[in-house]
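We use all heavy atoms of the structure for the numbers below, so side chains are in, but hydrogens, waters and symmetry mates are not. Since we're looking at a predicted model, the values are computed, not measured.
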Amino acid sequence: MNAMIALSFGMAAVLLLAACVRADRVRGWRQSLNPSAPDVPDAFFVVGRVIFLVMAGVMVFEGFNLLRVSADSGWSDDELTSAVRQATGDLDGWMYRDDGLTTDSVYFDDYASLLEDKVIQYGGGGAPRSGVGADPADANTDTDAYFTVRANGADVALCTHLVRTRRAKDDYTPPGITGGEGTVTERAYQLAVTSREGEC
């Protein structure tokens with residue numbers, strides 16, 4: 001992408017230089033290469049300059065368009081930092097229940113995917129809707145986990161710490177099929193989440 005941007009602006013500069021070449025200099029070059037060639041009318045140079053200027057304008061437009069696309073396809077350091085802080089605030093104190101059959105949540109696949117989705121959610125209008133990764137630490141457990149959050153285009157990395165605690169008082173046992181007491185209890189958990197700049 002950077003090469004395309006540089007090429008666009010480089011070609012625009014060359015075309016502008018070509019449009020600025022004086023007519024008598026072009027005539028002199030042409031005369032030295034082909035002395036018997038007929039003279040070129042002034043209108044030819046006027047049309048040529050207009051064409052070069054239009055082409056240069058097109059290349060400048062394309063260069064800025066590529067810059068915009070490049071900016072939209074990557075995260076900035078400020079966007080990622082703000083999104084992680086907002087995701088941390090949203091998840092801190094968040095309670096969820098499992099399906100009563102396993103210790104996994106029915107609402108998200110794992111902590112990494114939950115954190116990635118929340119960061120993307122709080123990325124704002126200028127940030128992409130993808131490109132976020134939460135790399136788990138090797139020593140993570142189900143109840144205590146660290147994740148290094150990175151995003152495409154951003155140089156900064158942030159460390160997010162999640163601690164899960166059991167909340168038995170918030171367990172829920174849905175009614176059975178016949179309307180009586182159910183046999184499956186959805187276990188409740190709560191997250192405590194903090195984040196800081198730097199890798200975990």
Side-chain angles (χ1 to χ4, degrees), residues 1-2 4-5 65-200:
M1 181 67 75
N2 289 335
M4 292 292 293
I5 294 171
N65 191 45
L66 289 171
L67 280 173
R68 180 185 60 78
V69 172
S70 177
D72 290 344
S73 63
W75 289 73
S76 69
D77 290 351
D78 289 341
E79 287 172 339
L80 180 60
T81 300
S82 175
V84 170
R85 287 175 178 169
Q86 292 184 73
T88 299
D90 189 2
L91 292 174
D92 187 35
W94 183 60
M95 191 189 74
Y96 70 92
R97 296 184 180 92
D98 64 18
D99 58 10
L101 302 175
T102 68
T103 57
D104 298 325
S105 168
V106 295
Y107 301 111
F108 58 93
D109 295 331
D110 51 40
Y111 293 136
S113 65
L114 173 66
L115 186 56
E116 290 166 359
D117 290 344
K118 286 292 183 180
V119 171
I120 291 173
Q121 176 184 338
Y122 288 107
R129 308 307 297 173
S130 61
V132 176
D135 301 324
D138 293 335
N140 282 358
T141 66
D142 290 339
T143 59
D144 194 347
Y146 289 85
F147 297 89
T148 298
V149 182
R150 297 183 177 88
N152 295 339
D155 295 325
V156 69
L158 294 101
C159 177
T160 301
H161 182 205
L162 288 84
V163 177
R164 186 186 74 180
T165 56
R166 183 80 166 83
R167 290 182 60 90
K169 67 177 184 177
D170 293 311
D171 287 355
Y172 173 66
T173 303
I177 298 177
T178 60
E181 184 177 354
T183 58
V184 175
T185 298
E186 299 175 0
R187 292 159 295 214
Y189 301 90
Q190 189 173 41
L191 298 180
V193 185
T194 59
S195 63
R196 59 173 174 80
E197 289 193 9
E199 300 181 5
C200 295

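When all heavy atoms of Glu199 and Cys159 are compared, the closest pair comes out as C-CB, 4.0 Å. Heavy atoms only, all atoms of each residue included: Ala154 and Leu80 are closest at CB-CD2, 4.0 Å. The two residues Val184 and Pro174 come nearest to each other via the heavy atoms O-CD, 3.3 Å. Contact between Glu79 and Gly74 at its shortest, heavy atoms only, is OE1-O, 4.0 Å.
Applying the ring pair (Phe, Tyr, Trp, His ring centres under 6.0 Å) test to residues at least two apart or on different chains, none of the pairs has a partner in residues 113-142.
Side chains of Tyr111 and Asn140 form no contact here, defined as non-hydrogen atoms less than 4.5 Å apart. For the pair Arg196 and Leu158, the minimum side-chain heavy-atom distance is 4.5 Å or more. Put simply, the side chain of Leu115 reaches to within 4.5 Å of the side chain of Val149, judged on heavy atoms. With a 4.5 Å cut-off on side-chain heavy atoms, Thr165 and Tyr189 do not count as touching. With contacts defined as side-chain heavy-atom distances shorter than 4.5 Å, the pair Phe147/Leu114 does not qualify.
Using a distance-only test at 3.5 Å, with no hydrogens or angles considered, a donor-acceptor pair links the side chain of Asp92 to the main chain of Val193. Between the Gln86 side chain and the Ala83 main chain, no donor and acceptor come within less than 3.5 Å of each other. Within the 3.5 Å criterion, the main-chain N or O of Asp77 finds a donor-acceptor partner in the side chain of Thr81. No side-chain donor-acceptor contact under 3.5 Å links Asp98 to the backbone of Glu186. Looking only at distances, a side-chain donor or acceptor of Glu116 sits under 3.5 Å from a matching main-chain atom of Ala134.
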Could you walk me through whether Tyr96 and Asp170 pass side-chain contact (heavy atoms from CB on, under 4.5 Å), step by step?
-> CA-CA 9 Å; Tyr96 70 92; Asp170 293 311; over 6 Å; no

Verdict with reasoning, Met95 to Arg167, per side-chain contact (heavy atoms from CB on, under 4.5 Å) = CA-CA 9 Å; Met95 191 189 74; Arg167 290 182 60 90; 3.9 Å; yes

Would you sort out whether Asp110 and Ser113 count as a side chain to side chain donor-acceptor pair (under 3.5 Å), showing the intermediate values?
-> CA-CA 6 Å; Asp110 51 40; Ser113 65; 3.1 Å; yes

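In this pair, His161 and Tyr146 present their aromatic rings parallel. The plane angle is below 30°, not in the 30 to 60° band.
One finds a salt bridge joining Arg85 and Glu197 here, because a Lys/Arg side-chain nitrogen approaches an Asp/Glu carboxylate oxygen to under 4.0 Å. A salt bridge links Asp171 with Arg166: the distance from a Lys NZ or Arg NE/NH1/NH2 to an Asp or Glu carboxylate oxygen falls below 4.0 Å.
Side-chain polar atoms of Thr88 and Ser195 form a donor-acceptor pair below 3.5 angstrom.
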